[in-house]
Chemist: 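Next up is a structure, given as structure tokens.
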Amino acid sequence: MTNTTLDRRQLLAGTAALAGGLALGVRPLAAQEGGDIVLGGSIPLTGVFAFAGVGIHAGIQDYLKILNDGGGIKGRKIKYVAEDTAYKVDASVAAFNKITGQEKVSLYYGDSTGFSKTINPELERRGSMIMAGASFATELNDPKKFPLQFMAGPDYTEMFGILLRYIAKEKPGARVAFVYSDSEFGRDPIGPSEAVAKELKLSVVEKIVTPPGSVDVSTEVLKLRRANPDFTIFHGYVLAPIPEFVTQAKQMGMKSQFMGTFWTMDNSTVQRMGDAAEGFMGVMPYRYYYDKDGSSPMLEKIRQMRPEYQSTGYLQGFVTAMLMAEAVKRTLDAGKELTGANLKAGLNSIKDFDTGGLFGVPISIPGNSVPVGRIYRFDAKAKQMQPASDWIKL
């Protein structure tokens, strides 16, 4: 029997089976695969990280509304299914199991480094989705160990790298201090960043570690004053004890320039520092909600949808959903199945991509991060973080 005859017979048999299936009301596989694409989420809507979680949740929803109202991706919509985790790893795992038990999930948003690390073996075992989330942990920025994960911005070490490059340009040979929390989050970029500082011919004159959210920092401030750094970078905190540090240091006549990383950089968070906020600087991967310093049609859309200020968490959720959708689009355009490996390959094909101006420069994602950022400084009169540098790409 020739291959042609076999092919014809198989085709006829397949057509008959398909007709029979339709008569019985069974949806063919192609139609089943043409349904909604699901984005699941472990989102901290309550608990210590709720200030960010509420913004992230709204950002994801808003981007998907824009996408779905525009017809989705090849006619398919992205459906968002989220559970509150209160920023607890066990609750996040339970949410993941519940959502993936009820839906065919292709995309997932995780709420923490702890969850991202815990769920990784399961993510690889399933091989059916890619994941991003609220964590910018340096450890996750490893495509070999975390092949199905990514982050919608620079990792914490890359954030330090952006700050240190700015410092080296502003004041060659500057004296720098690192102040960080005694937590996995706090310790993350410290070792690698010392090496980067050395490369840039900067002196790390002091490293101070405090309990997360500590209030009494008088001893540490004295230590900082003795070190007399030109720049002090805080990491591993959201707010406390940064205002206490800055206030006491200024009262002692210190002239150090104080700086922070992403989760400290929300405009409303910096405002809560009170008098200590004036001149506070830090790194941001995205433009702020109110930025009008360049062409940003996507920010215009956000401002039309939500006339009131939206947080950095909102922008992080929005951008993450955008990059996930772009990975889906590229996978479907290539005629491939929505598997984890195919989606990650689609994501890694992103080169010189325009996010509608949310990142101030076109971005590429060769690995698990987007190593881009800009330095902003708080202007007390304007009550806003304002650009202090060009966009810095690592």
Chemist: Take Phe49 and Phe51 through the test ring-ring contact (aromatic ring centres under 6.0 Å, His included) and record every step on the way to the result.
Modeler: CA-CA 6 Å; Phe49 209 55; Phe51 73 94; 5.3 Å; yes

Chemist: Please enumerate all residues that pass salt bridge (Lys or Arg N to Asp or Glu O under 4.0 Å) together with Lys117, with sequence neighbours excluded.
Modeler: Glu139, Glu184

Chemist: Output, in order, the C-alpha distance, side-chain angles, deciding distance and verdict of side chain to side chain contact (heavy atoms under 4.5 Å, CB included) for Tyr288 and Leu299.
Modeler: CA-CA 9 Å; Tyr288 279 86; Leu299 265 183; over 6 Å; no

Chemist: Taking the ring of Phe160 and the ring of Phe178, is the distance between their centroids below 6.0 Å?
Modeler: yes

Chemist: May I ask you to test the Met273-Phe378 pair for a side-chain heavy-atom distance under 4.5 Å?
Modeler: no

Chemist: Run the side-chain hydrogen bond (donor to acceptor under 3.5 Å, both in side chains) check on Thr339 and Asn342 step by step: do they pass?
Modeler: CA-CA 5 Å; Thr339 64; Asn342 288 344; 3.3 Å; yes

Chemist: Under 3.5 Å, which donor-acceptor pairs link side chains of residues 232-239 to any protein atom two or more places apart or in another chain?
Modeler:
{"from": "Thr232", "atom 1": "OG1", "to": "Ser256", "atom 2": "OG", "distance (Å)": "2.8"}
{"from": "His235", "atom 1": "ND1", "to": "Thr261", "atom 2": "OG1", "distance (Å)": "2.8"}
{"from": "His235", "atom 1": "NE2", "to": "Phe185", "atom 2": "O", "distance (Å)": "2.9"}
{"from": "Tyr237", "atom 1": "OH", "to": "Tyr180", "atom 2": "O", "distance (Å)": "3.0"}
{"from": "Tyr237", "atom 1": "OH", "to": "Ser181", "atom 2": "N", "distance (Å)": "3.4"}
{"from": "Tyr237", "atom 1": "OH", "to": "Thr210", "atom 2": "OG1", "distance (Å)": "2.8"}

Chemist: Would you check if the side chain of Ser203 reaches a backbone N or O of Val205 as a donor-acceptor pair within less than 3.5 Å?
Modeler: no

Chemist: My understanding is that only one of Lys336, Arg330, Lys329 makes a salt bridge (Lys or Arg N to Asp or Glu O under 4.0 Å) with Asp333; could you say which?
Modeler: Lys329

Chemist: Answer whether the closest heavy-atom distance between the side chains of Val38 and Ile78 falls below 4.5 Å.
Modeler: no

Chemist: Counting only heavy atoms not in Arg377, do more than 12 fall under 6.0 Å of its CZ?
Modeler: no

Chemist: Mind checking whether Phe318 and Tyr63 have ring centres under 6.0 Å apart?
Modeler: yes

Chemist: Do His57 and Tyr314 have ring centroids that are under 6.0 Å from one another?
Modeler: no

Chemist: Side chains of Tyr286 and Asp291: do they bring a donor and an acceptor to under 3.5 Å?
Modeler: no

Chemist: Ser106: which residues meet the side chain to side chain donor-acceptor pair (under 3.5 Å) condition with it, sequence neighbours left out?
Modeler: none

Chemist: Please evaluate residues Asp111 and Ser92 with respect to the criterion side-chain hydrogen bond (donor to acceptor under 3.5 Å, both in side chains), reporting the C-alpha separation (whole Å), side-chain torsions for both, the decisive distance (0.1 Å), and the verdict.
Modeler: CA-CA 7 Å; Asp111 61 357; Ser92 293; 2.7 Å; yes

Chemist: For Phe136 and Trp263, take the angle between the two ring planes, folded into 0 to 90°, and tell me which bin it lands in: parallel under 30, tilted 30 to 60, perpendicular over 60.
Modeler: tilted

Chemist: Going by side-chain contact (heavy atoms from CB on, under 4.5 Å), Phe115 matches just one of Thr85, Val93, Asn120. Which one?
Modeler: Val93

Chemist: More than 12 heavy atoms of other residues, nucleotides or ligands under 6.0 Å from NZ of Lys88: is that the case?
Modeler: no

Chemist: Using distance only, find each side-chain donor-acceptor pair of residues 215-227 under 3.5 Å and give its atom names and separation, not counting sequence neighbours.
Modeler:
{"from": "Asp216", "atom 1": "OD1", "to": "Ser218", "atom 2": "N", "distance (Å)": "3.4"}
{"from": "Asp216", "atom 1": "OD1", "to": "Ser218", "atom 2": "OG", "distance (Å)": "2.9"}

Chemist: Output, in order, the C-alpha distance, side-chain angles, deciding distance and verdict of side-chain hydrogen bond (donor to acceptor under 3.5 Å, both in side chains) for Asn368 and Lys145.
Modeler: CA-CA 11 Å; Asn368 284 7; Lys145 285 187 185 168; over 6 Å; no

Chemist: Fit a plane to each ring of Tyr289 and Tyr309, take the angle between them on a 0 to 90° scale, and name the class: parallel (under 30°), tilted (30 to 60°) or perpendicular (over 60°).
Modeler: perpendicular

Chemist: Got a list of side-chain donor-acceptor pairs under 3.5 Å for residues 387-394, not counting sequence neighbours?
Modeler:
{"from": "Ser389", "atom 1": "OG", "to": "Ile375", "atom 2": "N", "distance (Å)": "3.0"}
{"from": "Lys393", "atom 1": "NZ", "to": "Pro362", "atom 2": "O", "distance (Å)": "3.0"}

Chemist: Taking the side chain as everything from C-beta on, heavy atoms only, tell me whether Met284 gets closer than 4.5 Å to Thr312.
Modeler: yes

Chemist: Might you work through the side chain to side chain contact (heavy atoms under 4.5 Å, CB included) test for Ile190 and Lys207, ending with a clear yes or no?
Modeler: CA-CA 9 Å; Ile190 302 304; Lys207 293 183 298 174; 3.9 Å; yes

Chemist: Apply side chain to side chain contact (heavy atoms under 4.5 Å, CB included) to Lys77 and Ile37, showing your working.
Modeler: CA-CA 6 Å; Lys77 300 199 169 177; Ile37 295 151; over 6 Å; no

Chemist: For Glu83, give me all partners under side chain to side chain donor-acceptor pair (under 3.5 Å), at least two apart in sequence or on another chain.
Modeler: Lys98

Chemist: Counting only heavy atoms not in Lys250, do more than 12 sit closer than 6.0 Å to its NZ atom?
Modeler: yes

Chemist: Look at atom CG of Asp275 and say whether more than 12 heavy atoms of other residues, nucleotides or ligands are closer to it than 6.0 Å.
Modeler: no

Chemist: Take Asp62 and Lys301 through the salt bridge (charged side-chain N to carboxylate O under 4.0 Å, His left out) test and state the conclusion after the steps.
Modeler: CA-CA 10 Å; Asp62 283 5; Lys301 272 188 189 172; over 6 Å; no

Chemist: Applying side chain to side chain contact (heavy atoms under 4.5 Å, CB included) to Tyr80 and Lys65, what does each step give before you reach the verdict?
Modeler: CA-CA 10 Å; Tyr80 177 48; Lys65 179 168 172 43; over 6 Å; no

Chemist: Look up atom CG in Leu202 and atom CG in Asp230, then write down how far apart they are to the nearest 0.5 Å.
Modeler: 9.5 Å

Chemist: Using 30° and 60° as the class boundaries, would you call the ring planes of Tyr108 and Phe96 parallel, tilted or perpendicular?
Modeler: perpendicular

Chemist: Please test Glu103 against Lys79 for salt bridge (charged side-chain N to carboxylate O under 4.0 Å, His left out), starting from the C-alpha separation and ending with a verdict.
Modeler: CA-CA 10 Å; Glu103 306 278 354; Lys79 173 181 161 188; 3.0 Å; yes

Chemist: Pair Glu122, Arg126 - check salt bridge (charged side-chain N to carboxylate O under 4.0 Å, His left out), show working.
Modeler: CA-CA 6 Å; Glu122 181 62 13; Arg126 290 169 183 251; 2.7 Å; yes

Chemist: side-chain hydrogen bond (donor to acceptor under 3.5 Å, both in side chains) between Thr138 and Asp188: does it pass, once the steps are laid out?
Modeler: CA-CA 7 Å; Thr138 306; Asp188 179 315; 2.4 Å; yes

